[in-house]
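Here's the structure we're looking at; comments come further down.
Labels below follow one simple rule: chain letters A, B, ... track the order of the sequence lines, proteins then strands, and each chain is numbered from 1.
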Number of protein chains: 2
Amino acid sequence: MTGRRPTSFDIAALAGVSQPTVSRALSGNKSVSEETRRKVVEAAEKLNYTVDKYASGLRKRTSDTLALLFFEDPTPDDTLINPFYLSMLGGIARAASARGYDLLISIQQLSEDWHVDYEDSHKADGIMLLGYGDYLEARPRLEQLVQQGTHFVRWGAAEAGQIGTTVGSDNGQGGYLVGKHLLDRGRSKVAFLGLSDETAPEFLERYLGLSRALGEEGHEVVAAEDAIATAESGRNACERLLDSGVEFDAIFCAADIIAIGAMKLLSERGLKIPDDVSVVGFDDTIAARMSEPALTSVVQDTRRAAETLVDTLIAKIQDAAPESVLLPVELKVRGSS
Amino acid sequence: MTGRRPTSFDIAALAGVSQPTVSRALSGNKSVSEETRRKVVEAAEKLNYTVDKYASGLRKRTSDTLALLFFEDPTPDDTLINPFYLSMLGGIARAASARGYDLLISIQQLSEDWHVDYEDSHKADGIMLLGYGDYLEARPRLEQLVQQGTHFVRWGAAEAGQIGTTVGSDNGQGGYLVGKHLLDRGRSKVAFLGLSDETAPEFLERYLGLSRALGEEGHEVVAAEDAIATAESGRNACERLLDSGVEFDAIFCAADIIAIGAMKLLSERGLKIPDDVSVVGFDDTIAARMSEPALTSVVQDTRRAAETLVDTLIAKIQDAAPESVLLPVELKVRGSS
DNA sequence: CTGAAAGCGCTTACAG
DNA sequence: CTGAAAGCGCTTACAG
């Protein structure tokens, strides 16, 4: 550091006003005259002054910071964050910044004691939870957050009975669109790769949506193999599906990354996509668009999702008690179906 | 929010000691007796107390926070961060956390006035710069950082003449390994997709490494088409390459994501990979491993890169003046070559 | 090994 | 519209 940082007293001296006036001028306080504000801003620029976040945070009792907690999928091999969550990062960072908040990031294991951090130690005014998978395991912790009055918003399944405020895509509608589309294409023996129980509520909603669409035409899901959001897991699930001998003419994967693994196995086994099997994913990631053939997928509006998440959290911080939000999705049909 | 947060005075009262002793006990100060520390820790746990980051930061004049600045590639269409940088995020977050630092994130446009932030306003003790592409444009800003005494470490090209401390992969060695490998496979008419000028020093190093390997056998790069790190750009560059009529039997793409786009175009044009054209990428992303055929690529050790970046920055913060670091790379041969 | 005192750099009533 | 005063919750010399 070239000398010490300038403080508001240095600015005050240079501008010929008192120190509190510097604070008022720079925070946009209405009562400061334009003339005074101009002098202060000029002095601040000259000395390259910025308000000390820690002093200001201590006094105001707010941090102007949001925390983003990524929860890792419990992958056996490596520690991986679902690419879709990662793709939301940019939008969240931008949205937070546009609204005057800094963004603190942390990667968490579901097993860790994450509830006592961040807002408790006054690092953030509120918390966003992303990629939180296992509903049952985390339930007590979410309840504790609610009880402590912590401001938080969860990304994920937004169905009734969820704890706290949630922002998420309309997963049920997504699954339903996929079912309708496959039926349109003359495919009625649809298998599902993903989790279809309460441990992964988003995947479950997608499954139920598919099931509903098929049911309307008198069909049902012919098979469901468990897969978590990794290509490896998708590949293995697809292998179990093939080995089970169940007949199918389409596969709906609960995430693109699962579909990527499944498609790779299918082509290794000599199956043609979409002639022998239609494949559909969810998330519309880059990998999906670039696969061969390009993957039909359910699009979530990442930018809007990110903004909604941030805005909802800020509303909570301001005690506005916002509702949970369900964002519309869209089906993007490509070569794989 | 259930009442006000407890302070160190509350803990002191409960533990029957003075407030400074609470601070000492919790910060691990050696002079506190074990007996006293135990009482304090017990009281702190009982009241769910954590040290206020803002008060502590103000007093200590350090923030125990690192800032990570992502620079977006100037994509024409959408705002995208190179997937490779995103893949480093997890490792960086974990490494920072393991060393007792919080991590602040920001997405930046190269054009913005990013130097006056973060350390200036005392939000972070140091800054990591990732995905910084245009060397020439950013040079004056980096020089200003150095001049201001800001603690920062850059990820990227680590060749001589770079400003400040840099941590990066041995891109030259990577390009060289690719050249050798292609020659081994009997391919000598190698085209390059990426940038091969100073605006993208990492890409340039990869290009030069390839060129050196080919040169040792009396060959040279047959063509170089500009591409930035997006699939779209890779596709376009590959199209220009094909349309140029230049003969080639291999393509080295400066990033996997470029290769993904190029491979897609090649197969649309009916070219077989690797029979007609070998394709090699750089970064070893998931998309590369999952493409059809799987992409030969240069592997950067992401975890080690992330840890080295964080450790180097912490060393700088502690005024240890660390050297720039060049990390070894490895070639992962797969079906595409 | 522990306590009393000072002060980090701000913001916000309180006066005028 | 502006200034003098107090205080946010800690950490760190300074004593003892």
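What you find for A:P6 and A:Y49 is that their closest heavy atoms are O-CD1, 3.4 Å.
B:D10 places its CG atom 12 Å from the P atom of D:dC8, with the value rounded to the nearest Å. Remark: C1' of D:dC10 and CG of B:L26 are 11 Å apart, rounded to the nearest angstrom. Spacing between atom CD of B:Q19 and atom P of D:dT12 amounts to 12 Å, rounded to whole angstrom units. Put simply, CG on A:N29 is 11 Å from C1' on D:dT2, counting in whole angstrom units. Between the C1' atom of D:dG9 and the CG atom of B:D52 lies a distance of 6 Å, rounded to the nearest Å. The interatomic distance linking B:K123 (NZ) with C:dC10 (P) rounds to 14 Å, in whole Å.
If A:R24 and A:F9 are placed on DNA chain C by their nearest nucleotide, the residue sitting closer to the 5' end is A:F9.
B:V22 comes within contact range of no nucleotide atom at all, as no heavy-atom separation falls under 4.0 Å. No contact: B:S27 has no heavy atom under 4.0 Å from any strand. As judged by a 4.0 angstrom heavy-atom cut-off over every strand, A:S33 is placed among residues touching the sugar-phosphate backbone only. Base contact: B:S31 has a heavy atom under 4.0 Å from a base atom.
With a 3.5 Å ceiling on both atom-pair distances, C:dA13 lacks any Watson-Crick or G-U wobble partner. Checking D:dA4 for Watson-Crick or G-U wobble geometry (two distances, each under 3.5 Å) identifies no partner in any strand.
You'll find that the side chain of A:T36 is closest to D:dC1, out of C:dG9, D:dC10, D:dC1. Of the candidates D:dG9, C:dC1, C:dC10, the closest approach to any side-chain atom of B:A55 belongs to D:dG9. Distance from the side chain of A:R61 is smallest to D:dC8 among C:dT2, D:dC8, C:dT12.
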